[in-house]
Amino acid sequence: MFSLPLRDGTHLGPLEVWHAEEFAHHLDRAREHIRPWVGSAFVTDDVDGARATLQRYAERQAGDGARLYGLWRDGVLVGGVMFTAFDVAAGSCEIGCWLEPSSEGRGLVTRACGALLDWALTPRGLHRAEWHCRADNDRSSAVAKRLGMTLEGVRREVWPYQGVRYDKQLWAVLAPDWRALGR
Ligand SMILES: CC(C)(COP(=O)(O)OP(=O)(O)OC[C@H]1O[C@@H](n2cnc3c(N)ncnc32)[C@H](O)[C@@H]1OP(=O)(O)O)[C@@H](O)C(=O)NCCC(=O)NCCS
């Protein structure tokens with residue numbers, strides 16, 4: 001319905017249930033690249049699984065909760081950003097992201113997350129936005145840093161993946177700090 005131009009022919013827009021086939025094809029290109037770094041429920045194998053993810057986000061959005069947005073580059077879905085949590089009562093949210101390999105290194109996710117932060121921390125009036133990532137996910141922590149977030153701490157060995165427990169970093173930015181950055 002709406003689409004926000006970002007850069008290099010890339011647009012940000014709502015990723016909804018009717019995109020299930022397109023999302024499933026995109027996951028075929030992204031699956032192994034994102035698997036170690038994102039929640040396992042997000043890494044589905046077929047159209048039904050892709051649709052279930054989109055349905056889950058749609059239901060949460062209907063309650064003013066989590067939201068999912070796609071990134072289309074030259075008309076092809078190449079990744080996305082989301083509010084994995086959006087809690088108006090607590091005044092806080094958490095942002096997540098992913099890309100297929102061909103679209104890394106272009107600044108798309110930093111720009112898209114900036115749009116989410118602008119919306120959450122200004123018109124929606126939330127006070128705090130968080131970013132959680134595996135401590136060895138250098139590309140992800142680089143995005144948090146580029147967004148002006150502060151590393152607040154590390155949850156030790158909280159992320160089990162393939163028999164190993166990984167540390168998780170917690171980054172965050174507060175609304176006054178985001179506004180002061182003037183992005
Ligand atoms: C995390 C992830 C989305 C980061 O992707 P990314 O392309 O590095 O991030 P951005 O889109 O913000 O782009 C930044 C890169 O573009 C470059 N870039 C080019 N133009 C830019 C611009 N105008 N602004 C910012 N960066 C720009 C930056 O230099 C940087 O590249 P570098 O790291 O090689 O120096 C991606 O690596 C990914 O999908 N990983 C697997 C899934 C995952 O980890 N998700 C996050 C879970 S917490």
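Keep in mind it's a predicted model, so treat the numbers as computed, not measured. We count ligands from 1, going down the list as the structure has it; atoms in each ligand are counted the same way.
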message = Using ring centroids (six-membered ring only for Trp), state whether Trp159 and His132 fall under 6.0 Å.
response =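 No.
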key: Pair Trp119 and Phe86, ring centroids less than 6.0 Å apart   = yes
List ligand 1's nitrogen or oxygen atoms that come under 3.5 Å of a protein nitrogen or oxygen, with the partner atom and distance.
residue: ligand 1; atom: 7 (O); partner: Gly105; partner atom: N; Å: 2.7
residue: ligand 1; atom: 8 (O); partner: Arg139; partner atom: NE; Å: 2.9
residue: ligand 1; atom: 8 (O); partner: Arg139; partner atom: NH2; Å: 3.1
residue: ligand 1; atom: 11 (O); partner: Leu108; partner atom: N; Å: 3.0
residue: ligand 1; atom: 11 (O); partner: Val109; partner atom: N; Å: 2.8
residue: ligand 1; atom: 12 (O); partner: Thr110; partner atom: N; Å: 3.0
residue: ligand 1; atom: 12 (O); partner: Thr110; partner atom: OG1; Å: 2.5
residue: ligand 1; atom: 12 (O); partner: Arg146; partner atom: NH1; Å: 3.2
residue: ligand 1; atom: 13 (O); partner: Gly107; partner atom: N; Å: 3.0
residue: ligand 1; atom: 16 (O); partner: Gly105; partner atom: O; Å: 3.2
residue: ligand 1; atom: 16 (O); partner: Arg106; partner atom: N; Å: 3.2
residue: ligand 1; atom: 16 (O); partner: Gly107; partner atom: N; Å: 3.1
residue: ligand 1; atom: 23 (N); partner: Arg7; partner atom: NH1; Å: 3.3
residue: ligand 1; atom: 23 (N); partner: Arg7; partner atom: NH2; Å: 3.1
residue: ligand 1; atom: 37 (O); partner: Glu104; partner atom: OE2; Å: 2.4
residue: ligand 1; atom: 39 (O); partner: Leu99; partner atom: N; Å: 2.8
residue: ligand 1; atom: 39 (O); partner: Leu99; partner atom: O; Å: 3.4
residue: ligand 1; atom: 44 (O); partner: Asn137; partner atom: ND2; Å: 2.7
residue: ligand 1; atom: 45 (N); partner: Cys97; partner atom: O; Å: 2.9

inquiry  = Under the rule for ring-ring contact (aromatic ring centres under 6.0 Å, His included), what residues qualify as partners of Phe23, not counting sequence neighbours?
reply    =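 With sequence neighbours excluded, Phe23 shows a ring-ring contact (aromatic ring centres under 6.0 Å, His included) to Phe42, given in chain and number order.
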message = Once salt bridge (Lys or Arg N to Asp or Glu O under 4.0 Å) is applied, do any residues pair with Arg73, and if so which ones, sequence neighbours excluded?
response = none
query = What pairs of residues pass the salt bridge (charged side-chain N to carboxylate O under 4.0 Å, His left out) test when at least one of them lies in residues 101-112, not counting sequence neighbours?
reply =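 Passing the test, one end in residues 101-112: Glu104-Arg139.
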inquiry  = I'd like to know if the side chain of Trp131 pairs up with that of Ser140 as donor and acceptor (distance under 3.5 Å, no hydrogens or angles considered).
reply    =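 Their side chains do contain a donor-acceptor pair, which is all the 3.5 Å distance test asks for.
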